[in-house]
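Worksheet for the structure shown next.
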Protein chains: 2
Amino acid sequence: MTKTLDQTDRRILTILQQDARLSADALAERVGASRSSIQRRLKRLNETGVIAKEVAQIDPEQVDDQMTFVVEVELERERVDLLDEFKRSMMALDEVQQCYYVTGQADFVLIVLAKDMKDYDRLTRQVFVENPNIRRFATSVVVDRVKASLRVPITD
Amino acid sequence: MTKTLDQTDRRILTILQQDARLSADALAERVGASRSSIQRRLKRLNETGVIAKEVAQIDPEQVDDQMTFVVEVELERERVDLLDEFKRSMMALDEVQQCYYVTGQADFVLIVLAKDMKDYDRLTRQVFVENPNIRRFATSVVVDRVKASLRVPITD
DNA sequence: AGTGAAACGCTAATGGC
DNA sequence: GCCATTAGCGTTTCACT
């Protein structure tokens with residue numbers, strides 16, 4: 001909880017967000033510390049959950065022709081139990097890459113992946129249209145995935 | 001370009017999207033192949049760019065108290081050179097975690113991180129308000145980051 | 001063509017000092 | 001920060017199919 005992340009920690013995190021395959025030696029050189037120091041820090045950063053996980057980023061176009069959609073969802077009533085139920089259903093759907101509960105006219109903003117429009121249509125019918133708790137949803141089709149990361153800016 | 005990814009490749013990709021730290025031995029066991037086969041596949045998947053990179057996912061709350069914003073941006077005129085200029089400026093901004101060029105009333109949807117409202121306000125003044133090419137932008141504040149990944153669903 | 005098994009040297013990570 | 005041990009990696013070779 002009490003995260004005293006010093007400058008070295010922050011530099012490590014900045015680097016690992018771009019490339020998690022770097023060895024402790026390479027990191028040591030870049031941030032100006034010894035390898036053992038780096039490894040102790042890495043262990044701590046992993047154990048405390050600052051580094052949540054390391055994942056491979058896949059090029060969507062090379063796997064299947066995947067389309068991306070931005071979806072705004074407005075619920076009928078904002079009851080806590082219904083909100084939670086909606087959140088849980090979004091968590092469970094592989095096609096929903098991201099889900100944000102937001103202020104403003106919409107209640108949720110989603111990033112959704114699907115193979116094609118037909119596939120997307122099938123998904124929305126299943127998840128939104130047949131859900132009486134959803135007042136409306138608006139879809140934007142992503143033409144260009146200009147930038148897509150989960151990178152957190154870290155000032156050191 | 002489009003390699004035929006077989007079932008084993010797809011399983012590997014699915015697993016690595018959740019945890020890129022697994023050893024070739026561990027992968028071999030999970031997908032039912034030998035270590036050498038896995039390593040040959042990994043090499044190919046990396047060289048062809050199917051696996052674009054491996055990155056560490058940081059818990060934003062443990063680094064700084066970061067707020068997340070969803071921003072819709074509408075440009076004044078959709079001239080190709082102006083679109084490209086806007087895309088480039090988004091690429092360059094660390095605070096812009098994601099940027100999608102979309103169909104619909106908005107031209108772009110952004111996911112933006114900032115320390116607080118003041119910080120966000122400063123950013124928008126700089127990037128949007130003082131840009132004559134931007135007709136309007138609408139901000140939603142993220143209350144709950146329900147789900148945030150870049151995971152591409154891979155059916156095998 | 002790709003697979004699985006074995007073996008090579010090397011680099012990197014781990015835990016104790 | 002250093003050292004010794006262990007683990008994992010990258011590669012090659014070979015027989016198989």
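Naming: A, B, ... by sequence-line order, numbering from 1 per chain.
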remark   = D65(A) meets the salt bridge (Lys or Arg N to Asp or Glu O under 4.0 Å) criterion, sequence neighbours left out, with none

message = List the residues meeting salt bridge (Lys or Arg N to Asp or Glu O under 4.0 Å) with D116(B), not counting sequence neighbours, and say none if there are none.
response = none

message = Hydrophobic clusters here meaning ILVMFWY residues chained together by side-chain heavy-atom distances under 4.5 Å, can you tell me if F128(A) and M67(A) are in one?
response = yes

ask   = What residue pairs, at least two apart or across chains, pass ring-ring contact (aromatic ring centres under 6.0 Å, His included) with a residue in residues 47-93 of chain A?
value = F69(A)-Y120(A), F86(A)-F108(A)

query = Pairs in or reaching into residues 87-97 of chain A: which pass salt bridge (charged side-chain N to carboxylate O under 4.0 Å, His left out), with residues at least two apart or in two chains?
reply = K87(A)-D144(B), D94(A)-R151(B)

Contact list (N/O, under 3.5 angstrom) for nucleotides 6-10 of chain D vs protein:
| residue | atom | partner | partner atom | Å |
| --- | --- | --- | --- | --- |
| dC9(D) | OP2 | A24(B) | N | 3.1 |
| dG10(D) | N7 | Q39(B) | NE2 | 3.4 |
| dG10(D) | O6 | R35(B) | NH2 | 3.2 |

query = Partners of E29(B) by side-chain contact (heavy atoms from CB on, under 4.5 Å), sequence neighbours excluded?
reply = none

ask   = Who pairs with R135(B) by salt bridge (Lys or Arg N to Asp or Glu O under 4.0 Å), at least two apart in sequence or on another chain?
value = E74(B), E76(B)

Let me have the donor-acceptor pairs involving side chains of residues 53-60 of chain A, under 3.5 Å, with sequence neighbours excluded, atom names and distances please.
| residue | atom | partner | partner atom | Å |
| --- | --- | --- | --- | --- |
| E54(A) | OE2 | R21(B) | NH1 | 3.0 |
| D59(A) | OD1 | E61(A) | N | 3.2 |

key: chain B footprint on DNA chain C, 5' to 3' - any atom under 4.0 Å from a heavy atom   = dT3(C) to dA7(C)

query = Listed by chain and number, what are the side-chain contact (heavy atoms from CB on, under 4.5 Å) partners of S140(A), not counting sequence neighbours?
reply = V70(A), V102(B)

request  = Return the set of residues passing side-chain contact (heavy atoms from CB on, under 4.5 Å) with V31(A) (not counting sequence neighbours), or none when no residue passes.
outcome  = T8(A), R11(A), I12(A), I15(A), A33(A), I38(A)

remark   = Here DNA chain D, pairs taken as Watson-Crick or G-U under 3.5 Å and shown with ( ), [ ] when crossing and | when to another strand, reads |||||||||.|||||||

task = Name the nucleic acid region contacted by S36(A), choosing base, sugar-phosphate or nothing; use a 4.0 angstrom heavy-atom cut-off, strictly under.
result = base

